[in-house]
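This report refers to the structure that appears directly beneath it.
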Protein chains: 2
Amino acid sequence: MRGLRLTRPRRLILEAVRDTDVHPTAAFVYRRVRRRLPRVSLATVYRNLRVLAAEGVLAERADAGGLRFDGNAEPHDHFTCIGCGRIHDVPVRRGRAVRARLAAQTGFEVLNHRTEYFGRCGDCRRQGGRPSPKGQRRS
Amino acid sequence: MRGLRLTRPRRLILEAVRDTDVHPTAAFVYRRVRRRLPRVSLATVYRNLRVLAAEGVLAERADAGGLRFDGNAEPHDHFTCIGCGRIHDVPVRRGRAVRARLAAQTGFEVLNHRTEYFGRCGDCRRQGGRPSPKGQRRS
DNA sequence: GCACTGTTGATAATGATTACTAAAAACGTC
DNA sequence: GACGTTTTTAGTAATCATTATCAACAGTGC
Ligand SMILES: [Mn+2]
Ligand SMILES: [Mn+2]
Ligand SMILES: [Zn+2]
Ligand SMILES: [Zn+2]
């Protein structure tokens, strides 16, 4: 957070992302911020989400459905439920070893890696049946 | 490939994806196919890329820069070079064990997973210096 | 107050993808 | 190989997400 002013719109945008665990889209954040700051502009939301991500205060991630933001800026992986579409945080696996192995095999300098899991969450398993693509709200 | 006609546009689109290792975008495939079928429509390219991906003949993947297609439909992971932007195939790691562990920890039914690596490829390391975001062609 | 700088809201512009539709191609049947 | 039916295509319009532009505004220091 080195030298970045915390204006009201900016602060509310940051709070909106941190106050949810849905890994929201810009549109979702926009809707939330508008409750408290009705005149905020969608461009302001996009602009500040990018600024905050560049500062490392937020994380930015792209999935099949577009841009999303993550209030948890610590390294972690994600599990996406194909039933309800929710994205859960999961602990990152043994990082070093995995990267070192790939580097040895390929000659690449491996600086980072990220794993995405897919399947059905506890709720969706309990509700039984085959993976019904219900939910899938885009948030 | 159950019941899917192989028309000329469709065949050329499939070949275009298979004949490159750049994990092309739809626009890239469009440019390639046009060399042999100048009147092909961009919509036809998109439509058939999706059809072929649904059939499992191609793989579809989304990264930070949008939609890409992969002629290699077998399970594998990817390494993205932050220097030149190229995406390399890498072998998938011990799949079963990783999924089983996460399932045990969380209660999720883990059906699939995918790891993305980031770093600098051999070429870019040799050309030394800090990761200069040259290349980065969107293909 | 006044210049300076960074931020905002409003809106236009861009770019990627999808939807629509009339015409053409492929198919199955005779 | 003509014929009715189904699928696919080319061309284009429409949609959607994101980015760019810019005049007005707000904070800061003098
Ligand atoms: Mn997360
Ligand atoms: Mn690949
Ligand atoms: Zn679920
Ligand atoms: Zn490289």
Side-chain angles (χ1 to χ4, degrees), chain A residues 1-17 22-55 57-70 85 136-139, chain B residues 1-17 22-55 57-70 85 136-139:
Chain A
M1 284 243 219
R2 321 172 295 258
L4 111 143
R5 284 198 251 191
L6 240 273
T7 61
R8 190 159 133 81
R10 189 167 286 165
R11 183 171 49 77
L12 290 171
I13 288 163
L14 177 56
E15 285 174 7
V17 177
V22 302
H23 300 89
T25 62
F28 178 94
V29 175
Y30 177 54
R31 289 195 299 273
R32 283 298 175 89
V33 172
R34 271 222 279 193
R35 294 183 188 169
R36 298 178 158 279
L37 190 63
R39 310 207 43 121
V40 72
S41 155
L42 178 58
T44 298
V45 171
Y46 269 102
R47 188 170 356 100
N48 283 296
L49 286 171
R50 271 185 290 125
V51 166
L52 293 165
E55 289 288 325
V57 181
L58 295 181
E60 192 174 334
R61 38 178 268 110
D63 72 0
L67 253 193
R68 287 177 173 278
F69 297 87
D70 192 337
Q136 297 295 44
R137 299 177 231 298
R138 175 118 173 63
S139 290
Chain B
M1 284 244 218
R2 320 173 297 257
L4 114 141
R5 287 199 252 195
L6 240 273
T7 60
R8 190 160 133 80
R10 187 167 288 166
R11 183 170 49 76
L12 291 171
I13 289 163
L14 177 56
E15 285 174 8
V17 178
V22 302
H23 300 90
T25 61
F28 177 95
V29 174
Y30 177 56
R31 289 195 297 276
R32 283 298 175 89
V33 172
R34 272 222 278 194
R35 294 182 187 170
R36 299 180 158 277
L37 191 63
R39 310 208 43 122
V40 73
S41 156
L42 178 57
T44 298
V45 171
Y46 270 101
R47 188 175 353 101
N48 283 297
L49 286 171
R50 271 184 289 124
V51 166
L52 292 165
E55 288 289 325
V57 181
L58 295 181
E60 193 174 334
R61 38 179 267 108
D63 72 1
L67 205 45
R68 288 178 173 278
F69 297 87
D70 193 336
Q136 294 297 43
R137 297 176 233 300
R138 175 115 174 68
S139 288

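Hydrogens, waters and symmetry mates are skipped; everything else that's a heavy atom, side chains included, is used. None of these values were measured; they are calculated from a predicted model. Every chain is numbered from 1 and lettered A, B, ... according to where its sequence line falls, protein lines coming before strand lines.
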Review point. Which nucleotide span of DNA chain C, 5' end to 3' end, has atoms closer than 4.0 Å to non-hydrogen atoms of chain A?
Key: dG6(C) to dT11(C)
Check your understanding: Given atom CZ of R47(B) and atom P of dT12(D), what is their separation to the nearest angstrom?
Key -> 15 Å
Exercise for review: Under 4.0 Å between any heavy atoms, over every strand shown, what does R8(B) touch: base, sugar-phosphate, or nothing? Just pick one.
Suggested key: nothing
Point to revise | Of R5(B) and G65(B), the one whose closest DNA chain C nucleotide lies more 5' | key: G65(B)
Point to revise | Distance in angstrom units between R31(A) CZ and dA17(D) C1', rounded | key: 14 Å
Exercise for review: Would you give the length of the straight line joining atom CZ of R50(B) to atom CG of L67(B), rounded to the nearest 0.5 angstrom?
Suggested key: 9.0 Å
Point to revise | Residue pair D63(A), H23(A): steps toward the side chain to side chain contact (heavy atoms under 4.5 Å, CB included) verdict | key: CA-CA 11 Å; D63(A) 72 0; H23(A) 300 89; over 6 Å; no
Point to revise | Protein-nucleotide distance (R34(B), atom CZ; dT9(D), atom P), rounded to Å | key: 17 Å
Review point. Can you tell me how far the CG atom of N48(A) sits from the CD1 atom of I13(A), to the nearest 0.5 Å?
Key: 4.0 Å
Review point. NA contact type, R10(B), heavy-atom cut-off 4.0 Å: base, sugar-phosphate, or nothing?
Key: sugar-phosphate
Check your understanding: Quick one: is S41(B) getting a side-chain N or O under 4.0 Å of the dT12(D) phosphate, OP1 or OP2?
Key -> no
Practice item. Drop me the distance from L52(B)'s CG to L6(B)'s CG, to the nearest 0.5 angstrom. Key: 8.0 Å
Exercise for review: Select base, sugar-phosphate, or nothing to describe what T44(B) touches, counting heavy atoms under 4.0 Å on all strands.
Suggested key: base
Point to revise | Closest-nucleotide 5' rank along DNA chain D - winner of L37(B) and A27(A) | key: L37(B)
**Study point:** Rounded distance (Å) that lies between atom P of dT21(D) and atom OH of Y46(A)
**Key:** 18 Å
Review point. Can you tell me how far CD of E60(A) sits from CZ of R68(A), rounded to the nearest 0.5 angstrom?
Key: 13.0 Å
Study note, to complete from the structure: To the nearest angstrom, the CG-C1' distance between L42(B) and dA10(D) comes to 11 Å
Review point. Roughly, in whole Å, what's the span from OH in Y30(A) to C1' in dT18(D)?
Key: 14 Å
Practice item. May I have the distance from F69(A) (atom CZ) to dA17(D) (atom P), rounded to whole angstrom? Key: 13 Å
**Study point:** Whole-Å gap separating C1' (dA17(D)) and CZ (R50(A))
**Key:** 12 Å
Check your understanding: Taking atom CG of L58(B) and atom CZ of F69(B), what is their separation to the nearest 0.5 Å?
Key -> 8.0 Å
Point to revise | Pairwise distance CG(L12(B)) to CZ(R36(B)) - rounded to 0.5 angstrom | key: 7.0 Å
